[in-house]
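Quick notes on the structure that follows.
Keep in mind that what you see is a predicted model, and the values were worked out from it rather than measured. We use all heavy atoms of the structure for the numbers below, so side chains are in, but hydrogens, waters and symmetry mates are not.
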Amino acid sequence: MRKKRNSLGIFLLVLLVAGLSAGGFLLWRSVDNRVQPLLCPVNPEYAGAPGMPDKVQGLALRPFRFPGWDGGEIQAVEVWKEGEESSRQLSVMGALATEPVERLQAIDYALVCVDWDHGILSALPLAESLTAAGLHCVLWNPRGVGDRRAYCTHGRKEAADVPHLLDALEKLSGNSRPVVVAVGQGYGANLLLRAASYEPRIRGLVSIDAFASLRQSSTRLIKGKALKLVMQHLVDMRIDSEIGMESFEVAPVQCASEIDRNVPVLVINLALDNPVSNMDDAMSIYRRLKSDKREIWAARSAEDDPEDTERKVELLVGQSGKEHIEIETVRLLQDDESAVPAILHWLNDCVVSAVEAPRPAELPRPVPDSDSVL
């Protein structure tokens, strides 16, 4: 009888250990599945595509390379409108026909960044539209030549390439102080928010669908309250083990507060309620800006009246017991196609005015290098 009890106890213990092992394996597998797209966000649309296109309709391409913060080469290209216009360019030119933008010649370069993977190809559609107004756009590959950077830091490290890119543009152009604006979307917006916080040559910034912090975005992707804290801790452990940082260290919202007040910033939420980047993220970034010329726009949602051109947002701010209501005005975009012409008008009206206005002497800002990026 005692032997049967012992055997049953051993059997149950084996089952418990096996169950815990299987549960632990499934939990870690779940963590790995969530972390991999954060560590290596590859756009399947460009799978197998070359890093640099041979030609693009409506564009002239001037490829060049420059050394990144880690010493490795980075592939880049300057593009401008030339030849027969593409359908994207024609669409933008049509939208600008009745209200032209005539002051953009004051801007020498528009840095355009969208994806970490295939950085040039992913940014080309946006750059193509911007060149319709005469802008010279500059695109680059944040992963570096040969995709040597295995893991993405969502701009935490990659933003340190921007000063080196601007140095290269100064040498190419012979212009020792070019006027530069930056237009980023998604990953690119995160990167450029960070770059603008310490690079004084960026004179204007358009941030489209940036997240406030990687911690918040990764937490939103975890369903179920019971395991949320455990899963977030494991996600951070996995990120830290691969790239030596935790998710809370990637915080574009903090970078926004460090951008100079003389730099106009436009924050746009086109993704609406995408869990990675939503209207709350856009509002958080906007509210942290010190810029004298800041605006926040959003795509029209189903809740907005079709006739409305703006949305009033009530925010409860302040500490417990001392809260008060503040109202922010969000401009509504009719659709995604109207975004680029509206951005061009904003650059023409706000950024060029800021560029032409007298500025106080700038104090030099420290630029992160390979030893001080993290």
Inter-residue atom distance Arg156.CZ - Leu191.CG, 0.5 Å rounding: 12.5 Å
Non-hydrogen atoms of Lys293 and Cys350 that approach each other most closely: NZ-O, 3.5 Å
Minimum-distance pair of heavy atoms, taken over all atoms of Ser122 and Asp117: OG-O, 4.1 Å
Side chains of Thr153 and Trp116 in contact at under 4.5 Å (non-hydrogen atoms): no
Check: Asp240 side chain, Glu246 main-chain N or O, donor-acceptor pair, under 3.5 Å: no
Steps toward side-chain contact (heavy atoms from CB on, under 4.5 Å) verdict (Val181, Leu111): CA-CA 6 Å; Val181 299; Leu111 307 184; over 6 Å; no
Side chain Asn175, main chain Arg177, donor-acceptor under 3.5 Å: yes
Ser257 OG to Arg288 CZ distance, which is reported to the nearest 0.5 Å: 4.5 Å
Criterion side-chain contact (heavy atoms from CB on, under 4.5 Å) on Val265 and Tyr286, from CA distance to verdict: CA-CA 8 Å; Val265 181; Tyr286 169 78; over 6 Å; no
Validation row: His154, Phe211 side chains within 4.5 angstrom (heavy atoms): yes
Arg294 side-chain N/O to Pro264 backbone N/O, donor-acceptor pair under 3.5 Å: no
Pairs involving residues 120-130, ordered by first then second residue, that meet salt bridge (Lys or Arg N to Asp or Glu O under 4.0 Å) (sequence neighbours left out): Arg88-Glu128
With sequence neighbours excluded, residues passing salt bridge (charged side-chain N to carboxylate O under 4.0 Å, His left out) with Lys81: Glu85
Backbone of Trp346 reached by a side-chain donor or acceptor of Asp349 within 3.5 Å: no
Contact check, side chains of Asp336 and Leu270, non-hydrogen atoms, under 4.5 Å: yes
Minimum heavy-atom distance between Phe64 and Ala168, given as atom pair plus value: CE1-CB, 4.2 Å
Under the salt bridge (charged side-chain N to carboxylate O under 4.0 Å, His left out) test, residues paired with Asp209 that sit two or more places apart: none
Heavy-atom check, side chain of Ile268 versus side chain of Ile343, under 4.5 Å: yes
Check: Glu73 main-chain N/O paired with Arg148 side-chain donor or acceptor under 3.5 Å: yes
Ile239 backbone acceptor or donor facing Tyr151 side chain under 3.5 Å: no
Leu139 to Ala127 - nearest heavy-atom pair and separation: CD2-CB, 3.7 Å
Spacing of CG belonging to Leu39 relative to SG belonging to Cys152, to within rounding of 0.5 Å: 8.5 Å
Arg65 side chain vs Ile74 backbone, donor-acceptor pair below 3.5 Å: no
Separation between CG of Asp260 and CG of Asp292, rounded to the nearest 0.5 Å: 9.0 Å
Exceeds 12 heavy-atom contacts within 6.0 angstrom, atom NZ of Lys171: no
Any Leu347 side-chain heavy atom under 4.5 Å of His345 side chain: no
Verify same cluster id: Leu38, Phe248 (apolar side-chain graph, 4.5 Å): no
Any donor-acceptor N or O pair under 3.5 Å, side chains Gln89, Thr131: yes
Val276 backbone acceptor or donor facing Ser217 side chain under 3.5 Å: yes
Audit row: Val112, Leu130, side-chain contact (heavy atoms from CB on, under 4.5 Å) steps and yes/no: CA-CA 9 Å; Val112 184; Leu130 293 172; 3.9 Å; yes
Donor-acceptor pair, side chain of Asp108 and main chain of Pro178, under 3.5 angstrom: no
Residues 327-334 side chain polar contacts: donor-acceptor under 3.5 Å, at least two apart:
{"residue": "Glu328", "atom": "OE2", "partner": "Arg287", "partner atom": "NH1", "Å": "2.6"}
{"residue": "Thr329", "atom": "OG1", "partner": "Lys312", "partner atom": "NZ", "Å": "2.8"}
{"residue": "Gln334", "atom": "OE1", "partner": "Arg300", "partner atom": "NH2", "Å": "3.3"}

Side chain proximity check, Leu266 to Leu205, heavy atoms < 4.5 angstrom: no
Donor-acceptor contact below 3.5 Å, side chain Trp69 vs main chain Lys157: yes
ring-ring contact (aromatic ring centres under 6.0 Å, His included) contacts touching residues 77-112 (sequence neighbours left out): Trp80-His136
Rounded distance [0.5 Å steps], NE2 in His118 versus CG in Leu124: 11.5 Å
Pairing residues for Trp297 by the side chain to side chain donor-acceptor pair (under 3.5 Å) criterion, not counting sequence neighbours: Glu295
Partner set under salt bridge (charged side-chain N to carboxylate O under 4.0 Å, His left out) for Asp280, not counting sequence neighbours: none
Kindly list each side-chain donor-acceptor pair under 3.5 angstrom involving residues 41-54, sequence neighbours excluded, with atom names and distances?
{"residue": "Asn43", "atom": "OD1", "partner": "Glu45", "partner atom": "N", "Å": "3.0"}
{"residue": "Asn43", "atom": "ND2", "partner": "Asp115", "partner atom": "OD2", "Å": "2.9"}

Validation row: Gln57, Ser87 side chains within 4.5 angstrom (heavy atoms): no
N/O donor to acceptor pairs below 3.5 angstrom from side-chain atoms of residues 90-106, sequence neighbours left out:
{"residue": "Arg103", "atom": "NH1", "partner": "Ser353", "partner atom": "OG", "Å": "3.3"}
{"residue": "Arg103", "atom": "NH2", "partner": "Glu356", "partner atom": "OE1", "Å": "2.6"}
{"residue": "Gln105", "atom": "NE2", "partner": "Glu102", "partner atom": "O", "Å": "3.0"}

Over all atoms of both residues, closest heavy-atom pair of Cys113 and Tyr187: SG-CE2, 4.1 Å
Heavy-atom side-chain proximity of Leu315 to Met283 below 4.5 angstrom: yes
Check against side-chain contact (heavy atoms from CB on, under 4.5 Å), Met279 and Arg311: CA-CA 12 Å; Met279 190 62 200; Arg311 180 195 306 154; 4.3 Å; yes
Contacts of Arg149 that satisfy salt bridge (charged side-chain N to carboxylate O under 4.0 Å, His left out) - sequence neighbours left out: Asp70, Asp161
For Leu166 against Glu199, the heavy-atom pair lying closest together: CD1-CG, 3.5 Å
Set of side chain to side chain contact (heavy atoms under 4.5 Å, CB included) partners for Ala210, sequence neighbours left out: Ala189, Asn190, Leu193, Ser207, Ile285
Within one Ile-Leu-Val-Met-Phe-Trp-Tyr cluster: Leu121 and Val145, side-chain cutoff 4.5 Å: no
Polar contact flag, side-chain donor to acceptor under 3.5 angstrom, Asp281-Ser284: no
From CD (Glu78) to CZ (Arg62), nearest 0.5 Å: 4.5 Å
Which residues share a side chain to side chain donor-acceptor pair (under 3.5 Å) with Asp167, sequence neighbours left out: Arg201
